[in-house]
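Note: hydrogens, waters and symmetry copies are ignored here, and every other heavy atom, side chains too, is used. Small disclaimer: the values here were computed from a predicted structure and weren't measured.
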Amino acid sequence: MTSSDHLLDLIHNTPETDLLLRSSFGFDVHRRHYGEGLGLASGAPLEVIAGESAGGAYFLCAERNGRRPVVFASSEGEGGLLADDLADALEIIIGLEWHDCLLFSGGGDVEVMQASAQRLERTRDKYNPDIDDEAARVAAALSLRIAPVTDLVIRLHAAASKTEPDYVVTDDDGQAFDPLFGEHLEPRGGGRR
């Protein structure tokens, strides 16, 4: 059993963790029907592992160097590498408003992402004062680390920067998705959530 399989089994078999990931962090293992028909431009296989309420999907890629990278594809046509494995992806998902951080990245500028992440974190905490406790409970249940936001931004930027050429998401017609990096510079009103 791979570490990804082990983590997915833990999520499926721990109702509280499953609920927290779904309701607070947008990672729903029961929405595996999302993302059907999507693939990678390289032709490598994708395995849908979760969806999110806006219609996006999380995928495991084929093993590479003993790890299974995680790709995300949004319903709006953006997609790319999220992390080098599921543990890293989940740490980013529970510790960072990662999608908005990428949207407000100034085209992939890590300094813009750091500033956006700080603003997004303040807004997240304002609207969900229990989010840090919820993240800690998920991390404990899945043996994940709670990393500082600055570290998570660096890891997210590094992963998304490696999308091309191996992790470019395509639709069933072979059309490539846009990169995860958005051109916006600053979240207004707390981002999209």
Side-chain angles (χ1 to χ4, degrees), residues 3-35 47-61 68-76 78-105 113-114 116-160 180 182 187 189-193:
S3 63
S4 296
D5 293 333
H6 177 68
L7 284 169
L8 290 169
D9 283 346
L10 283 172
I11 294 166
H12 281 285
N13 295 315
T14 313
E16 179 189 17
T17 302
D18 177 16
L19 178 62
L20 285 172
L21 281 169
R22 184 173 1 127
S23 61
S24 295
F25 302 105
F27 186 87
D28 187 348
V29 296
H30 304 283
R31 291 182 188 248
R32 288 191 310 259
H33 60 282
Y34 285 20
E47 175 188 347
V48 180
I49 56 169
E52 47 105 39
S53 62
Y58 297 90
F59 303 88
L60 282 176
C61 301
R68 293 192 67 192
V70 176
V71 164
F72 177 80
S74 77
S75 60
E76 291 87 30
E78 298 111 9
L81 187 63
L82 179 60
D84 290 328
D85 64 27
L86 185 55
D88 281 352
L90 288 169
E91 288 175 3
I92 289 168
I93 290 165
I94 67 171
L96 181 64
E97 293 290 328
W98 69 270
H99 199 267
D100 285 343
C101 186
L102 286 167
L103 179 66
F104 299 102
S105 70
M113 289 175 69
Q114 291 288 4
S116 293
Q118 297 304 317
R119 286 186 202 93
L120 291 163
E121 183 178 30
R122 287 190 298 273
T123 302
R124 177 199 68 182
D125 293 346
K126 177 180 169 185
Y127 290 106
N128 186 353
D130 298 325
I131 195 78
D132 291 333
D133 176 61
E134 293 169 350
R137 290 173 20 216
V138 169
L142 301 178
S143 299
L144 302 173
R145 297 168 291 164
I146 297 290
V149 168
T150 54
D151 293 352
L152 294 172
V153 169
I154 291 167
R155 288 166 44 190
L156 178 61
H157 180 268
L180 290 172
R192 295 200 300 174
R193 288 188 187 192

Thr14 vs Leu142, side chain to side chain contact (heavy atoms under 4.5 Å, CB included): CA-CA, chis, key distance, verdict: CA-CA 10 Å; Thr14 313; Leu142 301 178; 5.9 Å; no
Please walk me through it: do Asp84 and Arg155 pass side chain to side chain contact (heavy atoms under 4.5 Å, CB included)? CA-CA 9 Å; Asp84 290 328; Arg155 288 166 44 190; over 6 Å; no
Report the C-alpha separation of Lys126 and Ile131 in whole Å, then their side-chain angles, then the decisive distance to 0.1 Å, and conclude whether the side chain to side chain contact (heavy atoms under 4.5 Å, CB included) test is met. CA-CA 10 Å; Lys126 177 180 169 185; Ile131 195 78; over 6 Å; no
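Smallest separation of non-hydrogen atoms from Ile94 and Ala139: CD1-CB, 3.9 Å. Summarising the geometry of Gly95 relative to Val149, their closest heavy-atom pair is O-CG2, 3.7 Å, with the distance given to 0.1 Å. The shortest heavy-atom contact between Ile154 and Gln114 is CG1-NE2, 3.7 Å. Here the closest heavy-atom approach between residue Phe25 and residue Ile93 is recorded as O-CG2, 3.5 Å. Considering all non-hydrogen atoms of both residues, Leu82 and Ala89 come closest at CD2-CB, 4.1 Å. The minimum heavy-atom distance linking Phe59 with Ala73 is given by the pair CE1-CB, 3.8 Å.
A distance of 8.0 Å separates CZ in Arg124 from CG in Asn128, rounded to the nearest 0.5 Å. For the atom pair CG of Leu144 and CD1 of Ile92, the computed distance is 11.5 Å after rounding to the nearest 0.5 Å. Separation of atoms CD (Glu121) and CG (Asp100) is listed at 13.5 Å; rounding is to 0.5 Å. The CG atom of Leu180 lies 11.5 Å from the SG atom of Cys101; values are rounded to the nearest 0.5 Å. Note that CG of Leu81 is 7.0 Å distant from SG of Cys61, once rounded to the nearest 0.5 Å. A distance of 8.5 Å separates CD1 of Ile49 from CZ of Arg68, quoted to the nearest 0.5 Å.
Side-chain contact check for Leu86 versus Leu8: some heavy-atom pair is nearer than 4.5 Å. Leu156 places none of its side-chain heavy atoms less than 4.5 Å from the side chain of Leu152. Using a 4.5 Å cut-off on side-chain heavy atoms (C-beta onward), Phe72 and Glu52 make contact. Using a 4.5 Å heavy-atom threshold, the side chains of Val70 and Leu60 count as touching. Two residues are said to be in side-chain contact when any heavy atoms from C-beta on lie closer than 4.5 Å; His12 and Asp18 fail this criterion.
With Ser116 contributing its side chain and Phe104 its backbone, the two residues share a donor-acceptor pair below 3.5 Å. A donor-acceptor pair is defined here as one N or O able to donate and one able to accept, closer than 3.5 Å; such a pair exists between the side chain of Ser105 and the backbone of Gly182.
Asp28 meets the salt bridge (Lys or Arg N to Asp or Glu O under 4.0 Å) test with Arg22, Arg31; sequence neighbours excluded.
Of the options Leu120, Leu103, Thr123, a side chain to side chain contact (heavy atoms under 4.5 Å, CB included) to Glu97 is made by Leu120 and by none of the others.
Taking 4.0 Å as the cut-off between side-chain N and carboxylate O, Arg137 and Glu134 do not count as a salt-bridged pair.
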